[in-house]
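Residue numbering restarts at 1 for every chain, and letters A, B, ... go by the order of the sequence lines.
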2 protein chains.
Amino acid sequence: MVTIADVAQAAGVSISTVSYVMSGKRAISQETRDRVEKAIDNLGFSPHAGARSLASRSTNVIGLQAPLRTGVDVHVVMQIVTGVVTQARKHGYDILLLASDDSKALQRAAKGSMVDALLVMDVESDDPRIDTLSGLDHPSVLIGLPQGRRAIPCVDFDFEAAGWLAVDRLVALGHRRLALIGSPLEVMARHTSYADRLARGFLAACEANGVVGTVHACPSTVEAVSTVADVMTEDPTITGFFVHNEGALPHVAATIAQRGRQRGDELAILALCPDDVARSVPGLADSIAVPAEAIGAAATDMICEILANGTKPAVRLLPPALTGDATAS
Amino acid sequence: MVTIADVAQAAGVSISTVSYVMSGKRAISQETRDRVEKAIDNLGFSPHAGARSLASRSTNVIGLQAPLRTGVDVHVVMQIVTGVVTQARKHGYDILLLASDDSKALQRAAKGSMVDALLVMDVESDDPRIDTLSGLDHPSVLIGLPQGRRAIPCVDFDFEAAGWLAVDRLVALGHRRLALIGSPLEVMARHTSYADRLARGFLAACEANGVVGTVHACPSTVEAVSTVADVMTEDPTITGFFVHNEGALPHVAATIAQRGRQRGDELAILALCPDDVARSVPGLADSIAVPAEAIGAAATDMICEILANGTKPAVRLLPPALTGDATAS
DNA sequence: CTGAAAGCGCTAACAC
DNA sequence: GTGTTAGCGCTTTCAG
């Protein structure tokens, strides 16, 4: 293994000079800098992460606890993780992936000085991990917006605003009777709050717009289709649909479109899902993008800012935006 | 921060004794051990990972490079990662998640002594990362089976055997004309080899069984349905379908089933996908599980064994198995 | 069975 | 603008 001492010797400078060339923490003459950098390249030197963290008391690693189980929107999780990893690298951090749902894992990583900070996804409102995080010396940011004391900074999508936006759009398209086809009950049962927030925004916007809106959870992804069919049968006056349900979206969209054709009605389907998913589903009037990767990036930015400046921001909600009806087929 | 010295003092022993109590690398009297362990608990001591890796020249971290982009079977990737993380913890390792598709990232992690070993997913046959890995001092294992020199140990699902198994099953069900509905072209274009292996096994098995088999790639997930429709129209004698295409599976299955009903034929659909996905798709005759989590776990076991014993196994392919027709609706 | 002490490779005072 | 050096917290000889 090539060490900083090897580099120093090769460049004919002291160890500390090499260190300072790398960190930029003190002025170095151009000449010296060049020699050192050349030596680093020639020898293929990379500083030993452990030695570094021992001496500097920081690891340049962020711990990420992501939900790896099924029963979450795998697509969205993946994109958030991508955003985190990508953005973290831009700030010079690496990501340690922690086993999900485990307070112990957070403590282990923090107390063992394996990470400088923690990013935690999929936190429920009464999640014990919130207390765990509060008790740690390490800064942390939640991806999601649990209800409660808000002791830890959060980053999430503004689902409530998305509900409003969806209604505004459907109303603008001329629809006066709307239905929100929501998450599977499984998701509703966990108290991650986003399904609630979406429904709240949707219903409030309906009221504000003076239109009729109803919210429908699906028993499961498979049964989403029959749920929609039931809704359409029970109230044939509904013409605007807002669908938020990853796996079921294509099926639901197809069902709605087919029935619309049979009835000869002009139905509109608005989806809430990642952009690329929307593009693969035909027949959507429009879609609201869940900016999953941006959420991951924003959370990472926030934790890095806390690490750098010691600031402690509170909650950051990313605003919804319509994709444009480019997705119409 | 509480250090090993604090523990030693609290327990009234030397630092080295505390270290040996933790590592178990030398005999300790029960009495001393008890005292030390109590001190560790009382003080809430966790050894500093960096200090440890500096002194011991090992990190207890495995680097994992997973494909975070879209255009892969997100479900399967997620499960493999889950298998890796879970199994790694059982061996006392943590997982550093590396930015995808980046030879540099592998080198950075290895040369910076951030990891003890590397696990790399989604390697293509002429992937430059294979050479990178060969040039490293750190052991590595590929998840997947690229063609070529096989310089690095691999773990993967036995897609070829899965092709055989599918045909055997369909033939046993009485079908003599079979079609493999394969991956999107996008996947075929990348040379990850599994689509090829599946097709090879499928065709060889058809020949061995004396039945007719054809292979059909889908232009995209969306167009999978029309692809199937075309296949069924062009050759109405096909009655056995083997579907391997994550996003499209439910749509394809629905299409096949519907057409079968129209024609009054007894069609059979066999799927290749994770168990839980199969359960959510109605109308399958049976399914072959992609044991994604087991693949991740097996790869982790392999790398840990290499780390522990210095053994260098070559290729490990996990055998396919039928789920049983419990998935029939 | 236990202790003392020499590093591991780096950072960051403290010198000049 | 550069060099010297004292740790950072742990593992592991080497002694007993």
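For B/Arg26 and C/dT2, a side-chain-to-base donor-acceptor distance below 3.5 Å is present, hydrogens and geometry of angles not being considered. Put simply, the side chain of B/Ser16 and the base of C/dA4 share a donor and an acceptor less than 3.5 Å apart.
The residue among B/Ser14 and B/Arg57 whose nearest nucleotide of DNA chain C lies closer to the 5′ end is B/Ser14. Comparing A/Ala55 and B/Lys25 by the nucleotide of DNA chain D that holds the closest heavy atom to each, the one mapping nearer the 5' end is A/Ala55. Between A/Ala51 and B/Glu31, it is B/Glu31 whose nearest contact on DNA chain C lies nearer the 5' terminus.
Whole-Å rounding puts the B/Ile4 CD1 to C/dA4 P distance at 14 Å. We find that CZ of A/Phe45 is positioned 4 Å from P of C/dC10, with the value rounded to whole Å. Put simply, CZ on A/Arg33 is 13 Å from C1' on D/dT2, counting in whole angstrom units. If you measure from atom CD of B/Gln9 to atom C1' of D/dG9, you get 15 Å, rounded to the nearest angstrom. Between the P atom of D/dG7 and the NE2 atom of B/His48 lies a distance of 17 Å, rounded to the nearest Å. At whole-Å resolution of the value, CZ in B/Arg52 and C1' in D/dT12 are 13 Å apart. Remark: P of D/dC10 and CD1 of B/Ile40 are 10 Å apart, rounded to the nearest angstrom. Protein atom CG of A/Asn60 is 10 Å distant from nucleotide atom P of C/dT11, rounded to whole Å.
Checking C/dC1, C/dC10, C/dG3 against the side-chain heavy atoms of B/Val13 singles out C/dG3 as nearest. Side-chain proximity of A/Leu54 to the nucleotides C/dT2, D/dG1, D/dC8 is greatest for D/dC8.
Considering only side-chain N and O atoms, A/Ser56 lies nowhere under 4.0 angstrom from the phosphate OP1 or OP2 of D/dC8.
Across all non-hydrogen atoms, the minimal contact from B/Ala49 to A/Met114 is CB-CG, 3.9 Å.
Contacts of B/Thr32 with the nucleic acid, taken as non-hydrogen atoms under 4.0 Å apart, involve only primed sugar atoms and P, OP1 or OP2. B/Ile15 comes within 4.0 angstrom of a base, heavy atoms only.
Of the residues in residues 17-24 of chain B, those lying under 4.0 Å from DNA chain C by heavy-atom distance are B/Thr17.
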Residues B/Thr32, B/Val13; criterion side chain to side chain contact (heavy atoms under 4.5 Å, CB included); working and verdict
CA-CA 8 Å; B/Thr32 307; B/Val13 298; 3.8 Å; yes

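Listed by first then second residue, pairs satisfying salt bridge (Lys or Arg N to Asp or Glu O under 4.0 Å) with a partner in residues 96-120 of chain B read A/Asp94-B/Arg108, B/Arg69-B/Asp101, B/Asp101-B/Arg129, not counting sequence neighbours.
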